[in-house]
Amino acid sequence: MSINCAAVDRLIDSMSFTQKVGQLNQRLLGWKSVERNAAGRLVASDELKQEIDRWGGLGTLYGLLRADPWSGQHWGNGIRPEERTEAIAVVQQTVLERGAHGIGVLLSEEAPHGHQALGGTVLPTNLGLGATFDPQGVQEAEAAVAAELAASGIHIALVSGLDIARDPRWGRCEECFGEDPLMAARMCEAIVTGMQGEHRSKVGHGGVAVVLKHLAAQGEAVGGRNGQSAVLGPHDLHEIHLPPVAAGVRAGALGFMAAYNDIDSVPCCANPWLLKDYLRDQLGFDGIVMADGLAVDRLEDMAGSIPAAGRAALLAGVDVSLWDEGFTRLEEYADDEQVVAAVDTALRRVLELKAMFGLLPEDGADTAAIAMPSADAIAQATADGREQAKRMAREAITLINDGQSAATLDDIRSVIADAQAGPVIVAGPFADDFGCFLGDYTAPLPADEQSSVYRQLVARLGEDRVLLAAKPSDAPADQWARASTVVFVCGSTSERSYDSEFDDNGAAKAVTEYGATCGEGVDLSDIRLPWRQDDMLGEVAALTTAPIVSVAVCGRAHVLTDVLERSAVTIWAGYAGQYGPQAVADVLVDGADMSGRLPVTLPAYPAAIPVRYNDRQSAAHVYKDAAEPILRGFGYGAGSLAAVTFSEMHADTQSHPGEVLVQVTAHADDHGAAGAVNLFAHVSGGRRIPRLAMLVDSVYMDLNAGERRDIAFHVPCDRLRDVGDGQVQVTCTLDGDSTHTVTATLRGEY
């Protein structure tokens, strides 16, 4: 929908200062805005009515459909899929009836890996999506999620994507696409294009506005401690943490969320350089900036008071608050010319966004004519989302170890397929667990949609063939002796229970002994597998001579050294979403290929961290007690592309001004292959210590059996060198394989 600027101007002129401030607030928790009457129908709550009356309208409402332990919403009391239309209608009609200007409310929802609502699609978390190295696949998956949101009457999707996994101690690593800025940038572009359409074409027409989070450098927090200071210089800030931001702006993102952390002592939500000079003036961003939950109020120590905290955030460039009191106190600055001007500027951005969704009254009308959700459209979009979730779960599965013992994956598949062979024992703490695959920010799924690796194998092989032994003592010694295969499901979980304790912003506060071991608020000082799982695997190995397949379900770069040593085959599954168990069974029983690649470096020791592939100095042979601190490198994947051969690699610096063109020929074996081919570069001769390697391009390909194909990598020169005179030498390597390396020299003024 086009924006009528004159109508926006008239609305702004007609509003009181209090009404203007109200449009910038997102204080009310959405699930508290409706309640059930005696007949069980949804009606507006007194809290919603009071909020509207206080401000003469409502700007943005957060989480109307959210369901999870923090909100306390579940299948017994939350808004079910078939009730979404009713809930949206109640809220919008109440806002229009009680508001002063006939303006609808923007509805924002959490969608970091699918819609966090009852019945919502659950994609793999970003770390799992990052393992696909498939931006086009992510774009299609996010488009399906956006269609579900839009069909449900939602306008804004809050989506993680900007964070870079720099320290595995940080509990929110699962929300990162990995440790590489280029891949994160491409994934952010995919999110925006998928959800908003090319050039924002779907906004208000089957798509939603994306608010990308978190801006910026949150993954750089000292010690992996959530919300702590990011201590880094401007060069590393631009090179590591800001590429996804720039990509999001290029793709047309309509929003960014300012993070909790500070950068060199300046809080992100009170950083005018970040939110104005860089984001708006340098990149040309024209959407809204939203603060993270209660982040404005956390400025109190810096600003001196809650009202001053709101003023500081507003003047730094925050347009919309989230749950805080600081923005509600902006009324106290009605005589402050700076605040008055900033409120008008932010208000214009909010109203322009509302206009895109038809939330403003048309000329001559008293109230906006808001289209209500369609139950059929919700059902169709949800079904499409489920198919995308299945596909992305399969793509996320990564083979990181094969043939450690005499048995290979192919051998194990043959044994599993042999109905006369001994039992298949599914062991480990997550053998019959579903929640471990889901990640944080996930609504509860109905029982009939829940599964586990054990249940999937039973469904395919039969109850008589598959045994469950979550603990080694759960199966008798004779069964361990007869076992043909052991599938050990290990890792971590972000699943919260409904009796968990939370901070006021929803982060985990108190974690029980066997509760969440990852996710927001669950930072760890020890990144070995929790609950002594390494010891448990050792006990299993001592009980059987059968080959062990370990399935690592992980939301961070856990230490898997013992797992690899004791397992014939190791599969890394990230948090693969609601279809993770099926994807694992597809690999083991149906012989599905694994195209995934590690999106993070796996450390070999718990204290030899952080280690990143793009560090400037190698950690090898530094620690005297941990000579080789890296267990598996970024981009490692021994799956379907392992059988692809490459030849005729060469570099061209002349044909395409401003870029290095690297070409190579790929040849698939008799089975074909799909997956990403990555090009890394090492630059020498510049003015800075070079990184050990940089991912400079990645091409996702799908080769038919026996197919030969030429692959072209386009590497912009400005990704390889600093501005200035001189020359640098660039060594490009295909997926870390020293047999496929070319060197190019970039000369002259650039």
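Residue numbers start at 1 and run along the sequence shown. Side-chain atoms are counted along with the backbone in the values below, which use heavy atoms only and exclude waters and symmetry mates. This structure is a prediction, so every number in the text was calculated from the model and none was measured.
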**Prompt:** So which heavy atom on Gly637 is nearest to which on Thr398, and how close?
**Reply:** CA-CG2, 4.3 Å
**Asked** Salt-bridged, Arg612 to Glu179, with N to O below 4.0 Å?
**Response** no
**Message:** Is there a side-chain contact between Leu158 and Tyr62 in this structure, where contact means two heavy atoms from C-beta onward sitting under 4.5 Å apart?
**Reply:** yes
**Message:** If we ignore hydrogens and angles and just use 3.5 Å, is the side chain of Thr561 paired with the main-chain N or O of Ala604 as donor and acceptor?
**Reply:** yes
**Message:** A side-chain contact here means heavy atoms from C-beta on lying under 4.5 Å apart; do Pro423 and Arg482 qualify?
**Reply:** yes
**Fill in**
Heavy-atom nearest pair, Gly521 first then Asn226, reads N-ND2, 4.4 Å
**Message:** Looking only at side-chain N and O atoms, does Ser160 offer a donor or acceptor that is under 3.5 Å from a partner on Glu175?
**Reply:** yes
**Asked** Roughly how far, to the nearest 0.5 Å, is the CZ atom of Arg496 from the CG atom of Asp68?
**Response** 9.5 Å
**Item:** Lys213/Asp163 ion pair, N-O < 4.0 Å
**Value:** no
**Message:** To the closest 0.5 Å, what do you measure between CD (Gln578) and CD (Gln450)?
**Reply:** 10.0 Å
**Message:** Donor-acceptor check, side chain of Thr544 to backbone of Trp480, threshold 3.5 angstrom: yes or no?
**Reply:** yes
**Item:** Side-chain donor/acceptor of Thr132 to backbone N/O of Asp134, under 3.5 Å
**Value:** yes
**Residues Lys471, Glu539: salt bridge by 4.0 Å N-O rule** = no
**Request:** Would you check if the distance from the ring center of His74 to the ring center of Tyr498 is below 6.0 Å?
**Result:** yes
**Prompt:** Can you tell me if Asp384 and Gln380 form a side-chain donor-acceptor pair at under 3.5 Å?
**Reply:** yes
**Complete:** Heavy-atom nearest pair, Gly439 first then Thr125, reads CA-CG2, 3.8 Å
**Asked** Do the side-chain N and O atoms of Asn678 and Ser698 include a donor-acceptor pair separated by under 3.5 angstrom?
**Response** yes
**Prompt:** Is there a donor-acceptor contact under 3.5 Å from the side chain of Glu109 to the main chain of Leu65?
**Reply:** yes
**Item:** side-chain contact (heavy atoms from CB on, under 4.5 Å) between Leu129 and Phe177, worked out
**Value:** CA-CA 7 Å; Leu129 292 176; Phe177 285 114; 3.9 Å; yes
**Prompt:** Distance-only, no hydrogens or angles: does the Arg465 side chain make a donor-acceptor pair with backbone N or O of Ile416 under 3.5 Å?
**Reply:** yes
**Request:** Would you tell me whether Gln388 and Thr121 have side-chain atoms, one donor and one acceptor, within less than 3.5 Å of each other?
**Result:** no
**Asked** CZ/Arg597 to CD1/Ile400 distance, rounded to the nearest 0.5 angstrom?
**Response** 13.5 Å
**Item:** Asp562 and Leu537: CA distance, side-chain angles, deciding distance, side-chain contact (heavy atoms from CB on, under 4.5 Å) verdict
**Value:** CA-CA 8 Å; Asp562 287 348; Leu537 180 56; 5.7 Å; no
**Asked** Are the aromatic ring centres of Tyr441 and Tyr575 under 6.0 angstrom apart?
**Response** no
**Message:** Let's go through Arg169 and Asp526 carefully: what are the C-alpha distance in whole Å and the side-chain angles of both, what is the deciding distance for salt bridge (charged side-chain N to carboxylate O under 4.0 Å, His left out) to 0.1 Å, and is it a yes or a no?
**Reply:** CA-CA 7 Å; Arg169 291 171 291 186; Asp526 187 345; over 6 Å; no
**Prompt:** Is a side-chain N or O of Arg80 found less than 3.5 angstrom from the main chain of Gly119, in a donor-acceptor match?
**Reply:** no
**Message:** Could you check whether Arg391 pairs with Glu395 (Lys NZ or Arg NE/NH1/NH2 to Asp/Glu carboxylate O, under 4.0 Å)?
**Reply:** yes
**Complete:** The residue among Leu467, Val466, Val551 that forms side chain to side chain contact (heavy atoms under 4.5 Å, CB included) with Val426 is Val466
**Prompt:** At what distance, to the nearest 0.5 angstrom, does CG of Asp402 lie from CG of Leu564?
**Reply:** 11.0 Å
**Request:** Could you please spell out the steps behind the side-chain contact (heavy atoms from CB on, under 4.5 Å) verdict for Asn401 and Val569?
**Result:** CA-CA 5 Å; Asn401 189 45; Val569 172; 5.9 Å; no
**Request:** Before accepting this row, confirm whether a basic side-chain N of the pair Glu83/Arg36 lies closer than 4.0 Å to the acidic partner's carboxylate O.
**Result:** yes
**Request:** Drop me the distance from Thr570's OG1 to Leu631's CG, to the nearest 0.5 angstrom.
**Result:** 9.0 Å
**Asked** Would Phe430 and Trp531 count as a close aromatic pair, with their ring centres under 6.0 Å?
**Response** yes
**Fill in**
Taking every heavy atom of Ala157 against every heavy atom of Ala111, the minimum-distance pair comes out as CB-CB, 4.1 Å
**Prompt:** Quick one: does Pro603's side chain get under 4.5 Å of Ile527's, heavy atoms only?
**Reply:** yes
**Asked** Is Asp432 salt-bridged to Arg455, cutoff N-O under 4.0 Å?
**Response** yes
**Item:** Asp464 atom CG: more than 12 heavy-atom contacts under 6.0 Å
**Value:** no
**Prompt:** Quick check: does any side chain N or O of Asp590 sit under 3.5 Å from a backbone N or O of Ala592, one acting as donor and the other as acceptor?
**Reply:** no
**Request:** Report the C-alpha distance between Arg556 and Asp523 in whole Å, list the side-chain angles of each, state the deciding distance to 0.1 Å, and finish with yes or no for salt bridge (charged side-chain N to carboxylate O under 4.0 Å, His left out).
**Result:** CA-CA 10 Å; Arg556 66 172 96 227; Asp523 307 325; 5.8 Å; no
**Asked** Going through the checks in order, is the side-chain contact (heavy atoms from CB on, under 4.5 Å) test met by Leu445 and Val122?
**Response** CA-CA 9 Å; Leu445 275 81; Val122 183; 3.7 Å; yes
**Message:** In the structure I gave you, are the side-chain heavy atoms of Arg166 and Pro610 within less than 4.5 Å of one another anywhere?
**Reply:** no
**Message:** When you compare the side chain of Glu495 with that of Leu438, does any pair of heavy atoms fall below 4.5 Å?
**Reply:** no
**Prompt:** Mind checking whether Phe133 and Phe634 have parallel, tilted or perpendicular rings, split at 30° and 60°?
**Reply:** tilted
**Fill in**
Between Ser595 and Ala674 the two heavy atoms that sit nearest each other are CB-O, 3.1 Å
**Request:** Verify the distance criterion only: is there a donor paired with an acceptor across the side chains of Asp625 and Tyr605 at less than 3.5 Å?
**Result:** no
**Asked** Could you give the distance from CD (Gln228) to CG (Asp167), rounded to the nearest 0.5 Å?
**Response** 12.0 Å
**Fill in**
Looking only at heavy atoms, the pair that brings Ala389 and Pro124 closest together is O-CD, 4.4 Å
**Note: Arg84-Glu148 ion pair, threshold 4.0 Å (strictly below)** = yes
**Request:** Check the side chains of Gln456 and Ser451 for a donor-acceptor pair under 3.5 angstrom, ignoring hydrogens and angles.
**Result:** yes
**Asked** Would you say His113's side chain and Leu123's backbone share a donor-acceptor pair under 3.5 angstrom?
**Response** yes
**Prompt:** Judged by modelled atom types alone, do Thr408 and Asp411 share a side-chain donor-acceptor pair under 3.5 Å?
**Reply:** yes
**Asked** Counting only heavy atoms not in Arg413, do more than 12 fall under 6.0 Å of its CZ?
**Response** yes
**Prompt:** How about Gln73 and Ile79: do any of their side-chain heavy atoms sit closer than 4.5 Å?
**Reply:** no
**Request:** Would you confirm whether Thr517, through its side chain, and Pro530, through its main-chain N or O, come within 3.5 Å as a donor-acceptor pair?
**Result:** no
**Message:** Counting C-beta onward and ignoring hydrogens, is there a side-chain heavy-atom pair between Pro472 and Met536 closer than 4.5 Å?
**Reply:** yes
**Item:** Heavy-atom check, side chain of Arg394 versus side chain of Tyr579, under 4.5 Å
**Value:** no
